[in-house]
Number of protein chains: 2
Amino acid sequence: MSSSVQRKRIRKSPAARRAEIVDAAAAVALTEGLECVTLRRIAEELDVRPGLISHYFPSAEDLVAEAFGSAADGELDTLLPARRPEGTSSEHLARFFVRATGEAYDAVSRLWINARHLSRYRPALRERVVEQEAAWRERLTDLLRQGVERGEFRTDDPEVTSIQILVVLDGLGAHANTETGGRPEAVTRMAVTTAERELGLAGGTLGPPPVSP
Amino acid sequence: MSSSVQRKRIRKSPAARRAEIVDAAAAVALTEGLECVTLRRIAEELDVRPGLISHYFPSAEDLVAEAFGSAADGELDTLLPARRPEGTSSEHLARFFVRATGEAYDAVSRLWINARHLSRYRPALRERVVEQEAAWRERLTDLLRQGVERGEFRTDDPEVTSIQILVVLDGLGAHANTETGGRPEAVTRMAVTTAERELGLAGGTLGPPPVSP
DNA sequence: TTGCTTATTGGTCGCACACTCAATAGCATG
DNA sequence: CATGCTATTGAGTGTGCGACCAATAAGCAA
């Protein structure tokens with residue numbers, strides 16, 4: 001009756017199986033946390049035996065690192081698509097802030113906190129975190145640079161500005177696990193405010209204007 | 001020979017023993033991380049049997065929460081002393097930034113990341129984190145309010161300003177476990193810059209001035 | 001000094017984890 | 001249809017964790 005009682009083996013190509021494992025691990029990492037990415041948990045997810053996961057990832061730590069990398073990659077792509085066929089830089093940046101401030105982003109904030117903490121003990125994960133930090137920074141820097149070229153933004157150093165924006169976002173996301181009540185609007189708006197200030201934009205260009213009486 | 005081979009029991013008052021346990025747990029939390037606060041680890045630290053720790057903390061989670069609370073309390077007191085007999089508010093705030101930006105603060109940043117993440121799974125710890133967030137916010141708000149009263153600072157809402165400063169500090173501290181190279185000065189200075197801007201102070205009032213040619 | 005309260009021990013249990021490896025069976029290939 | 005390669009299983013190892021509890025002895029009070 002239940003499909004969980006599966007006896008028959010399903011044999012897949014190494015590439016396909018590996019991808020399947022990484023996908024499942026990334027999903028678990030994003031929803032339940034990186035410490036739930038265990039051989040048993042992922043095996044259960046795919047309805048295979050734990051030994052199989054070990055076969056593809058002889059060290060469990062590598063799977064955890066891969067899970068984070070994959071999840072972060074995916075999030076970055078929806079947050080700041082590499083290809084931006086149409087729209088102004090301001091529009092792209094505004095969309096970025098909408099996504100990165102919405103409640104749906106909490107899961108991503110949690111993942112980053114998770115990874116940043118766990119990387120204290122796991123070198124393989126730490127490497128991935130450093131990689132992803134660079135990737136996110138570069139992707140945002142690219143967008144800012146494009147805006148500068150188009151004359152939309154004005155900043156001496158797009159990279160410094162993008163780091164500043166990301167620092168504020170990290171600070172806002174830090175509370176994703178504890179946040180209870182609402183925050184003052186001046187706090188919620190900090191990321192947008194920072195961007196507008198550092199890019200020489202008028203208030204309200206990148207998001208809802210501060211306080212409408 | 002070795003003092004670790006201790007047979008003789010040392011019987012202490014419950015209050016003293018409990019305090020001793022919490023102190024040891026706080027120290028381990030600060031240096032090795034909250035996941036190292038285990039019955040066995042703390043027992044070893046005090047050269048007693050694990051069962052004794054269980055006796056004082058029937059649930060290990062409560063010990064972890066207590067360890068974080070104690071460590072955070074201690075750090076807050078050296079960072080923002082409640083009693084400020086002498087000196088201007090600017091001086092106190094400047095000292096705060098020196099401490100909260102120095103390399104010695106990395107351990108504290110790590111502890112906060114640790115606690116914020118772990119509180120995802122442990123309700124008792126989460127409560128403590130929320131408590132400490134409030135305590136830190138209030139302590140900083142008090143300092144800002146005092147500065148406003150004395151005419152040193154100018155801000156509409158000291159609490160909002162203090163949250164903004166703390167958000168930036170959280171953002172800067174987020175990388176305590178991965179930081180490799182140096183950061184641009186404009187990033188390092190973000191906390192001070194934010195404070196100066198939001199408090200209507202001239203650049204350089206609260207820390208080393210930006211870029212000396 | 002004796003006795004009593006209770007802080008402390010030592011041992012045990014069950015659980016979840018990563019890791020190992022010989023045996024097995026799916027499936028593409030001929 | 002038979003065969004060989006190898007993806008997959010099943011079973012077992014060792015570790016560290018929290019929790020539990022009866023037995024023990026430290027040190028205070030009588």
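Each chain gets a letter, A, B and so on, in the order the sequences are listed, and its residues count up from 1. Please read all numbers here as calculations on a predicted model, not as lab measurements.
Listed for the A:Thr101 side chain is no donor-acceptor partner under 3.5 Å among the backbone atoms of A:Val98. In this structure, B:Arg183 contributes its side chain and B:Leu172 its backbone to a donor-acceptor pair below 3.5 Å. Under a 3.5 Å cut-off, the side chain of A:Ser70 and the backbone N or O of A:Ala67 do not form any donor-acceptor pair.
For an aromatic pair to be called close, the ring centres must be under 6.0 Å apart, and A:Trp112 with A:Tyr105 fails this.
Rounded to an integer number of Å, the gap from A:Glu20 CD to D:dT8 C1' is 13 Å. Between the NE2 atom of B:His55 and the C1' atom of D:dA23 there is a distance of 15 Å, given to the nearest Å. With rounding to whole Å, B:Tyr121 atom OH is found 16 Å from C:dA16 atom P. The distance between atom CZ of A:Arg17 and atom P of D:dT9, rounded to the nearest whole Å, is 7 Å. Rounding to whole angstrom units, NZ of residue B:Lys8 and P of D:dT24 are separated by 17 Å. Rounded to an integer number of Å, the gap from A:Tyr56 OH to C:dT20 C1' is 18 Å. Here C:dG11 presents its C1' atom at 16 Å from CG of B:Leu52, a figure rounded to the nearest Å. Look at CZ on A:Arg9: it is 4 Å from C1' on D:dT9, rounded to the nearest Å.
Between the side chain of A:Arg49 and the base of D:dT9, no donor-acceptor pair under 3.5 Å is found.
Residues B:Thr194 and A:Thr194 fail the side-chain proximity criterion, which asks for heavy atoms closer than 4.5 Å.
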Give each protein N/O atom lying under 3.5 Å from an N/O atom of nucleotides 17-21 of chain D, with the pair distance.
{"residue": "D:dC17", "atom": "N4", "partner": "B:Arg40", "partner atom": "NH2", "Å": "3.3"}
{"residue": "D:dG18", "atom": "OP2", "partner": "B:Leu39", "partner atom": "N", "Å": "3.2"}
{"residue": "D:dG18", "atom": "N7", "partner": "B:Arg40", "partner atom": "NH1", "Å": "2.9"}
{"residue": "D:dG18", "atom": "O6", "partner": "B:Arg40", "partner atom": "NH2", "Å": "3.3"}
{"residue": "D:dA19", "atom": "OP2", "partner": "B:Pro58", "partner atom": "O", "Å": "3.3"}
{"residue": "D:dA19", "atom": "OP2", "partner": "B:Ala60", "partner atom": "N", "Å": "2.8"}

Hey, what are the protein-to-nucleotides 1-3 of chain C N/O distances that come in under 3.5 Å?
none

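Among residue pairs with one or both ends in residues 98-112 of chain A, none qualify as salt bridge (Lys or Arg N to Asp or Glu O under 4.0 Å); sequence neighbours excluded. Counting only residues at least two apart or on different chains, the side chain to side chain donor-acceptor pair (under 3.5 Å) pairs with a member in residues 17-38 of chain A are A:Lys12-A:Glu20, A:Arg17-A:Glu20, A:Glu32-A:Arg41, A:Glu35-A:Asn114, A:Glu35-B:His117. Pairs passing the salt bridge (Lys or Arg N to Asp or Glu O under 4.0 Å) check and including a residue from residues 75-87 of chain A, sequence neighbours excluded, read A:Asp77-A:Arg139.
The side chain to side chain contact (heavy atoms under 4.5 Å, CB included) check on B:Asp62 picks up B:Phe57, B:Ser59, B:Ala124, with sequence neighbours excluded.
When distances run from any side-chain atom of A:Arg11 to the nucleotides D:dT9, C:dT8, C:dG26, the shortest one goes to C:dG26.
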